[in-house]
Amino acid sequence: MKTFSEFMKQRENAASAYCRGEGDAVLALSTTRKPAGFFGPDGKAVRGPEPVRQAYAAGAAQFGKDGESQFEVYQEAEGGDIAYWSGLQRAIVELNGRSVPMDLRVTELFRREDGEWKLVHRHADMLKSDQ
């Protein structure tokens with residue numbers, strides 16, 4: 001069984017793939033069970049595993065192949081079957097053929113399901129200034 005720190009490497013790789021328009025890795029890490037939520041950078045709030053997964057897939061579909069992402073983890077912890085991380089996601093995505101920087105403030109919550117960590121909630125919004 002992976003530790004949460006080991007899992008976070010997989011999570012960060014999935015975020016990088018997502019920023020290249022490849023949403024499958026994030027979907028594979030996302031829960032299919034209730035509860036689930038997503039507060040996206042567009043300001044929308046999505047609730048329920050299937051609507052959240054649809055929002056993730058739609059988001060990845062907007063991006064071209066020339067994206068990249070990395071996490072700056074401020075805090076990370078696990079306790080039993082619950083874990084989280086918070087910090088910044090520094091990304092550059094390709095939108096309509098243009099390279100667009102997206103620096104996000106992120107908090108993600110995870111639940112262990114059948115021995116694997118699953119993303120159950122993501123809150124991401126644009127960083128207003130680099131502090």
Exercise. Rounded to the nearest 0.5 Å, what separation is found between the CG atom of Asn13 and the CE atom of Met8?
Worked result: 10.5 Å
Exercise. Out of curiosity, does Trp85 fall in the hydrophobic cluster containing Ile82 (side-chain heavy atoms, cut-off under 4.5 Å, transitive links)?
Worked result: no
Exercise. Do you reckon Met126 sits in the same ILVMFWY cluster as Val93, going by side-chain contacts under 4.5 Å, direct or chained?
Worked result: yes
Exercise. Does Glu108 reach the side chain of Gln89, with side-chain heavy atoms less than 4.5 Å apart?
Worked result: no
Problem set entry | For Arg112 against Gly80, the heavy-atom pair lying closest together | NH2-O, 2.9 Å
For this session: Answer with yes or no whether the hydrophobic clustering places Tyr74 together with Phe4; edges join I, L, V, M, F, W, Y residues whose side-chain heavy atoms lie under 4.5 Å apart.
Result: no
Seminar exercise, completed: Distance col, row Trp117:CH2 vs Asp81:CG, nearest 0.5 angstrom, shows 6.0 Å
For this session: Could you check if a side-chain atom of Phe71 sits within less than 4.5 angstrom of a side-chain atom of Arg11, using non-hydrogen atoms only?
Result: yes
Exercise. Which word best sums up how the rings of Tyr18 and Tyr56 line up, parallel for under 30°, tilted for 30 to 60°, or perpendicular for over 60°?
Worked result: perpendicular
For this session: Kindly indicate whether the side chain of Tyr84, heavy atoms from C-beta on, has any atom under 4.5 Å from the side chain of His121.
Result: no
Exercise. Does a side-chain heavy-atom distance below 4.5 Å link Glu78 with Phe7?
Worked result: no
Problem set entry | Residues in salt bridge (charged side-chain N to carboxylate O under 4.0 Å, His left out) contact with Glu12, at least two apart in sequence or another chain | none
Exercise. Under a single-linkage definition using a 4.5 Å side-chain heavy-atom cutoff for Ile, Leu, Val, Met, Phe, Trp and Tyr, are Met102 and Val106 assigned to the same hydrophobic cluster?
Worked result: yes
What pairs of donor and acceptor atoms, side-chain ones from residues 26-46 against any protein atom, are under 3.5 angstrom apart with sequence neighbours left out?
from  : atom 1 : to     : atom 2 : distance (Å)
Ser30 : OG     : Val26  : O      : 2.7
Thr31 : OG1    : Arg33  : N      : 2.9
Thr31 : OG1    : Arg33  : O      : 3.3
Thr31 : OG1    : Arg111 : NH2    : 3.2
Thr31 : OG1    : Glu113 : OE1    : 3.2
Thr31 : OG1    : Glu113 : OE2    : 2.7
Arg33 : NH2    : Asp114 : OD1    : 3.4
Arg33 : NH2    : Asp114 : OD2    : 2.5
Asp42 : OD1    : Lys44  : N      : 3.0

Problem set entry | Minimum-distance pair of heavy atoms, taken over all atoms of Asp103 and Ala91 | OD1-N, 4.0 Å
Exercise. So, does Ser16 use its side chain to make a donor-acceptor pair with the main chain of Ser69 at under 3.5 Å?
Worked result: yes
For this session: Report the residues that fulfil side chain to side chain donor-acceptor pair (under 3.5 Å) with Lys9, sequence neighbours left out, ordered by chain and then residue number.
Result: none
Exercise. Heavy-atom distance under 4.5 Å between the side chains of Arg105 and Leu88, does that happen here?
Worked result: yes
Exercise. What are the two closest non-hydrogen atoms of Lys65 and Glu94, and how far apart are they?
Worked result: N-OE1, 3.4 Å
Exercise. Linking I/L/V/M/F/W/Y whenever any side-chain heavy atoms sit under 4.5 Å apart, do Val100 and Leu104 land together?
Worked result: yes
